[in-house]
Peer 1: 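Here it is, the structure, as structure tokens.
All chains are named by letter (A, B, ...) in the order of the sequence lines, taking the proteins before the strands, and each is independently numbered beginning at 1. Source: prediction; values computed, not measured.
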Amino acid sequence: MSGRKQKRQIRPGKGPEPHNGRGMSKTDHFPDKLLAWFAVHGRHDLPWQRSPNPYRVWISEIMLQQTQVETVRPYFERWMARFPDVDSLAGAGVDEVLHLWSGLGYYARARNLHRAAHIIRDEPGGRFPQTLDAVMALPGIGRSTAGAILALSMNQRHAILDGNVKRVLSRFHAVGGWPGKKTVENELWSLAELHTPTHDVAAYTQAIMDLGATLCTRTRPRCEACPLRADCLARQAGTQAAFPARRPKKARPLKATVMAIFLDGDGKVLLHKRPPSGIWGGLWSLPEFSTAADLREHLETSGIVDPQMETWPVMAHGFTHYQLAITPTVVRLQTLSDKIADDRAVRWIDPSAPPAMGLAAPVSKLLDQMVQASVA
DNA sequence: AATACGGGGAA
DNA sequence: TTCCCAGTATT
């Protein structure tokens, strides 16, 4: 990348220029107003705010990436009781680390904490790294988390840009475009740096996160209580709901599957338990085949002769990442010997009285349809 | 049911 | 570099 002549005229979305709009005057009142508000209304009693050393802040930030404050609190306390510092974490087995994490999900993050603890301990000096680049070099820590750790625990001047801050800044400056886009994210980073004060960085960092978490919320922001309301461009235009722009919904790839509804003579339906990971992990579902031909082949292989099959209209099911077209196919098994025995992973259930088991959503729908069809 | 979340790894 | 994904909570 040699030619970087295009400075920064990339302004996705519309709205006034952020840098000379209101709220970006020569003296920036943004941090002062925020700090004054924080002194009165901010949270000052969170567990990780007591002796906020880099280790404690680090652990709290990773936990808070995925879980809200009240849920994190007990996890954090248990963690600190068992792993009060980097050495105790590095000295533990990964299984115990995962055990203390269990319930929080995203286990890769716990593994990264463990790996990073080893790296820090084995560093010459064995101290927590003190520069942004060195902190970012640790697994599981990116720019925002690194900035938060150094700002909150050492009052170093670094900007942060977590989800709360993105929301506050994109509203305040009416920055359009989805923050997941690199150009938009860069714009927000430069605004975050512009507002970050040279004094009280730790308080400021907590303040802007608190504002996003308590007032400048995704839905129904409480603008009337916001210390920044006078200069907030979104507030002035009444367009708070438009920021930050949502991820553009991309055309999701279409996948197709055949779900077999095996019906025995008693009107019971065959379900099987899905593997613990992947789509519908651990839930009960109908047997799936990629095509109707596959289903027929499977039946032949199983020695089921001349099965009575009935294809239902395609049912669409939307996932975050793709669209699934389900072709339900009823297969009536004719003889008792066709019936597959119950098993830990296979069960015959009465569709009109499904037992308390985790069912994939479209499976519940299909079972309902079964009942409707048999009544009609 | 759709979406947000920060970072890692794939493309 | 950019895109896509994970696993849960929230709306």
Peer 1: Just jot down the side chain to side chain contact (heavy atoms under 4.5 Å, CB included) partners of T67(A), sequence neighbours excluded, or say none.
Peer 2: T71(A), V72(A), L104(A)
Peer 1: F83(A): which residues meet the ring-ring contact (aromatic ring centres under 6.0 Å, His included) condition with it, sequence neighbours left out?
Peer 2: W79(A)
Peer 1: dG7(B) P sits how many Å from I160(A) CD1, rounded?
Peer 2: 11 Å
Peer 1: Distances under 3.5 Å only, N/O to N/O: pair up the protein atoms with those of nucleotides 8-11 of chain B.
Peer 2:
from	atom 1	to	atom 2	distance (Å)
dG8(B)	OP1	G140(A)	N	2.3
dG8(B)	OP1	I141(A)	N	3.4

Peer 1: Between L113(A) (CG) and dG7(B) (C1'), how many Å, whole number?
Peer 2: 12 Å
Peer 1: Going by side chain to side chain contact (heavy atoms under 4.5 Å, CB included), name the residues that satisfy it together with V40(A), two or more places apart in sequence or in a different chain.
Peer 2: none
Peer 1: Out of dT3(B), dG6(B), dA1(B), which has the shortest distance to the side chain of K365(A)?
Peer 2: dA1(B)
Peer 1: Hey, which of L113(A), V86(A), L64(A) is the one that makes side chain to side chain contact (heavy atoms under 4.5 Å, CB included) with I59(A)?
Peer 2: L113(A)
Peer 1: Could you note down all residue pairs passing ring-ring contact (aromatic ring centres under 6.0 Å, His included) where residues 130-162 of chain A supplies at least one of them, sequence neighbours left out?
Peer 2: none
Peer 1: To the nearest angstrom, how far is E185(A) atom CD from dC5(B) atom P?
Peer 2: 12 Å
Peer 1: Between M63(A) (CE) and dG7(C) (P), how many Å, whole number?
Peer 2: 18 Å
Peer 1: The side chain of R167(A) is closest to which nucleotide in this list: dG6(B), dA4(B), dC5(B)?
Peer 2: dC5(B)
Peer 1: Applying ring-ring contact (aromatic ring centres under 6.0 Å, His included), which residue pairs with at least one partner in residues 115-145 of chain A are found, sequence neighbours left out?
Peer 2: W58(A)-F128(A), H114(A)-H118(A)
Peer 1: Can you tell me how far P in dG8(B) sits from the matching atom in dA9(C), rounded to whole Å?
Peer 2: 22 Å
Peer 1: Tabulated below should be each protein N or O lying under 3.5 Å from an N or O of nucleotides 8-11 of chain C; please produce it.
Peer 2:
from	atom 1	to	atom 2	distance (Å)
dT10(C)	OP1	Q68(A)	OE1	2.2
dT10(C)	OP1	Q68(A)	NE2	2.3

Peer 1: Return the value, rounded to whole Å, for the distance between atom CG of L161(A) and atom C1' of dG7(B).
Peer 2: 13 Å
Peer 1: Taking atom P of dA4(B) as reference, at what distance in whole Å does atom CH2 of W178(A) sit?
Peer 2: 9 Å
Peer 1: Of all the nucleotides listed (dT3(B), dG7(B), dT2(C)), which has the minimum atom distance to the side chain of K182(A)?
Peer 2: dT2(C)
Peer 1: Quick one: side chain to side chain contact (heavy atoms under 4.5 Å, CB included) partners of A36(A), sequence neighbours excluded?
Peer 2: none
Peer 1: Test of understanding: with side chain to side chain contact (heavy atoms under 4.5 Å, CB included), list the residues that count as partners of A134(A), not counting sequence neighbours.
Peer 2: P129(A), T131(A)
Peer 1: Could you work out the separation of dA11(B) and dA6(C) based on their P atoms and round it to a whole Å?
Peer 2: 13 Å
Peer 1: Would you say the side chain of R109(A) and the base of dG6(B) hold a donor-acceptor pair, judged only by whether the two atoms sit under 3.5 Å apart?
Peer 2: yes
Peer 1: Just compare dC3(C), dG6(B), dA4(B) and give me whichever is closest to any side-chain atom of K181(A).
Peer 2: dC3(C)
Peer 1: Could you tell me how far apart Q65(A) (CD) and dG7(C) (P) are, to the nearest whole angstrom?
Peer 2: 15 Å
Peer 1: Could you tell me if the ring centre of H195(A) sits under 6.0 Å from that of Y204(A)?
Peer 2: no
